[in-house]
Number of protein chains: 2
Amino acid sequence: MHFKSLKSEKLSEKVIKEFEEMIEKGALKPGDKLPSERDLSQQMGISRGILREALRTLESKGYINRKPGGGTYIRELTYSQNTGQKLINALKHATYLDLLEIREILEQKIVELAVERATDEDILEMEKILEHCQNANEYDPKMDHAFHLSIASATKNALMANFMAANLELIKDITTRTHNNPNRLKEMINEHKKIMDAIKARNAEKAQKALLEHLHNVRKAIEKSFEETEEKEDAKN
Amino acid sequence: MHFKSLKSEKLSEKVIKEFEEMIEKGALKPGDKLPSERDLSQQMGISRGILREALRTLESKGYINRKPGGGTYIRELTYSQNTGQKLINALKHATYLDLLEIREILEQKIVELAVERATDEDILEMEKILEHCQNANEYDPKMDHAFHLSIASATKNALMANFMAANLELIKDITTRTHNNPNRLKEMINEHKKIMDAIKARNAEKAQKALLEHLHNVRKAIEKSFEETEEKEDAKN
DNA sequence: AATAAAAAATGGTTAAACCATTTAACAATA
DNA sequence: TATTGTTAAATGGTTTAACCATTTTTTATT
């Protein structure tokens, strides 16, 4: 059973969304001046305090500019402010295959860099995590991610690790589904071990090969999962 | 002449930062209950309205939970909520070389995918942008980015294009500096043209080679820029 | 000990006032 | 006429006090 939340949205949250929508839709364009808080609150039928809560949030998000005595203006979003938001948005709406494609590209290089740059401590950390994985008797995405991230961290490129983390997080639900059987779980652990061994042996070529095999299986599982979903969709119609 | 802004930070903005810092530092941990708004505002020496403006923003950012009659609690950040923030943060604080490293990895593959997947319209678009670049007589990062992004878009992987955009945006200031001379500008245009021609000829290998040459020069310029900066720093001491 | 009722506390909201800064209008001056 | 100085109005920033609805705690009742 699943009941939808009955919690009423706070007034100021509604106001925030209202403004954000208007900005997204272009009803409010950069440079536009908003009515004064006193006018606006009356027009919207809310108190000035509530309106100000919303405006504060919008300001904090970078949507508006306010100047005492001056007024409130829709902000000219600079290119850079935009890209961060756009990236987050793109991440949210990326398809599994887009995510996987980038992961394949990056992680292939990541293992190569890891072989080069990993310290003995890094290797030890990886092994510790791998051991945890091997002792688990059901798939835990955190464990899976931890392993891949320990490799990414060994590249000493913090951005790389963080991007991998975001990427993994976004395919978590599907990998959790596809690994929800003992066979695939065991396979995964073996694949991890192969990667680990190759990195430990400082054999980049072997590590890449092991990783590609692993990612190939992940991709197969995802694509298979898609087909099954489609079949279900078809069955509905 | 350049004067620094004298605008005083708004009170609620200060409060927001204060809470964010405390959460980052761990002084406020998930699950912690905050004092009531009435108490807290008195403790902090601010009005309840100001405190509420800050709390509304923090709630909107996902830091806290509030329940009428219940109280205000530091929110248990889910993994996924966190990764988005962490990624943005990592992007902001990434070094030029980290950014460039990832760009080199991705873009190398991007040109390969572009050769595969670019439609005739994509190619046309690239050429149009390249032409604009060639007519420019001073470096315009927007033009530069537009060219690289048109290639990234041809991969039909939206996330790829957006990540590249974020990446480029973050090295914009340094590339703008390093291209601030006619020779390098001309070189850049030539390098772009080589990449363009190879993609148009559907020659992945050639395209990659041209791109690598381009990125090699970008890297050289960045590293040189660093050395100069260091020299300046040394001169100061 | 369990239940029910009442009281207190809490976040949500409104209203009215005052401050500091900015803007606009207008007068004064050269 | 054009510039400067003054004044008044408007605006965002802030504070205070009050009331509501819900939740929590306390108290009373059985």
Side-chain angles (χ1 to χ4, degrees), chain A residues 3-20 22-23 28-77, chain B residues 3-20 22-23 28-77:
Chain A
F3 298 92
K4 72 173 177 180
S5 170
L6 249 48
K7 70 162 189 292
S8 63
E9 194 172 34
K10 315 304 187 319
L11 205 39
S12 49
E13 293 287 353
K14 278 192 210 166
V15 178
I16 294 170
K17 280 191 185 172
E18 172 73 11
F19 277 107
E20 282 179 342
M22 289 183 75
I23 292 172
L28 286 175
K29 279 187 279 291
D32 283 359
K33 179 173 186 174
L34 294 184
S36 75
E37 295 181 352
R38 290 159 180 87
D39 281 358
L40 200 49
S41 58
Q42 201 169 6
Q43 281 185 42
M44 303 179 82
I46 58 178
S47 71
R48 200 181 154 207
I50 294 298
L51 175 61
R52 281 187 57 81
E53 282 186 18
L55 292 180
R56 164 73 55 237
T57 302
L58 291 170
E59 185 176 31
S60 167
K61 287 189 180 183
Y63 283 115
I64 60 172
N65 258 338
R66 302 199 281 178
K67 237 186 344 192
T72 301
Y73 293 83
I74 305 296
R75 194 165 172 177
E76 204 75 55
L77 285 182
Chain B
F3 297 92
K4 70 174 178 180
S5 171
L6 251 48
K7 71 165 187 288
S8 62
E9 195 173 33
K10 318 298 189 324
L11 206 39
S12 49
E13 293 286 354
K14 278 192 210 166
V15 178
I16 294 170
K17 280 191 183 171
E18 172 74 10
F19 277 108
E20 283 180 342
M22 289 182 76
I23 292 172
L28 286 175
K29 279 187 280 289
D32 283 359
K33 179 173 186 174
L34 293 184
S36 75
E37 294 181 352
R38 290 161 179 85
D39 280 359
L40 200 48
S41 57
Q42 201 168 7
Q43 281 185 43
M44 303 179 81
I46 57 177
S47 72
R48 201 182 153 206
I50 295 297
L51 176 61
R52 281 186 57 80
E53 283 186 18
L55 292 179
R56 164 74 55 236
T57 301
L58 290 169
E59 186 178 30
S60 166
K61 286 190 180 183
Y63 282 115
I64 59 172
N65 258 337
R66 302 199 279 178
K67 230 183 355 189
T72 301
Y73 293 84
I74 305 296
R75 194 164 173 179
E76 204 75 56
L77 284 182

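Chain naming here is simple, since letters A, B, ... match the order of the sequence lines and numbering starts at 1 in each. A quick note: this is a predicted structure, and the numbers were derived from the prediction, not measured.
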> Would you mind reading off the distance between A:M44 atom CE and C:dT13 atom C1', rounded to a whole angstrom?
15 Å
> Nucleotide by nucleotide, 5' to 3', does protein get under 4.0 Å of the base (B), only the sugar-phosphate (S), or neither (-) in nucleotides 12-21 of chain D, counting heavy atoms?
BBBBB-BB--
> List, one per line, each side-chain donor-acceptor pair under 3.5 Å for residues 63-71 of chain A, sequence neighbours excluded.
| residue | atom | partner | partner atom | Å |
| --- | --- | --- | --- | --- |
| A:R66 | NH1 | A:E37 | OE2 | 3.1 |

> Between the side chains of A:E53 and A:R56, is the shortest nitrogen-to-carboxylate-oxygen separation below 4.0 Å, so that they form an ion pair?
no
> Between P on C:dG12 and CG on B:L55, what's the gap in Å once rounded to a whole number?
9 Å
> Could you give the CG-to-P distance, from B:D39 to C:dA8, as a whole number of Å?
16 Å
> Where do B:K61 and A:S60 come nearest, in terms of heavy atoms and distance?
CE-OG, 3.4 Å
> In the structure I gave you, are the side-chain heavy atoms of A:L34 and A:L28 within less than 4.5 Å of one another anywhere?
yes
> Using a 3.5 Å distance criterion without hydrogens, assess whether the side chain of B:D32 forms a donor-acceptor pair with backbone atoms of B:K29.
yes
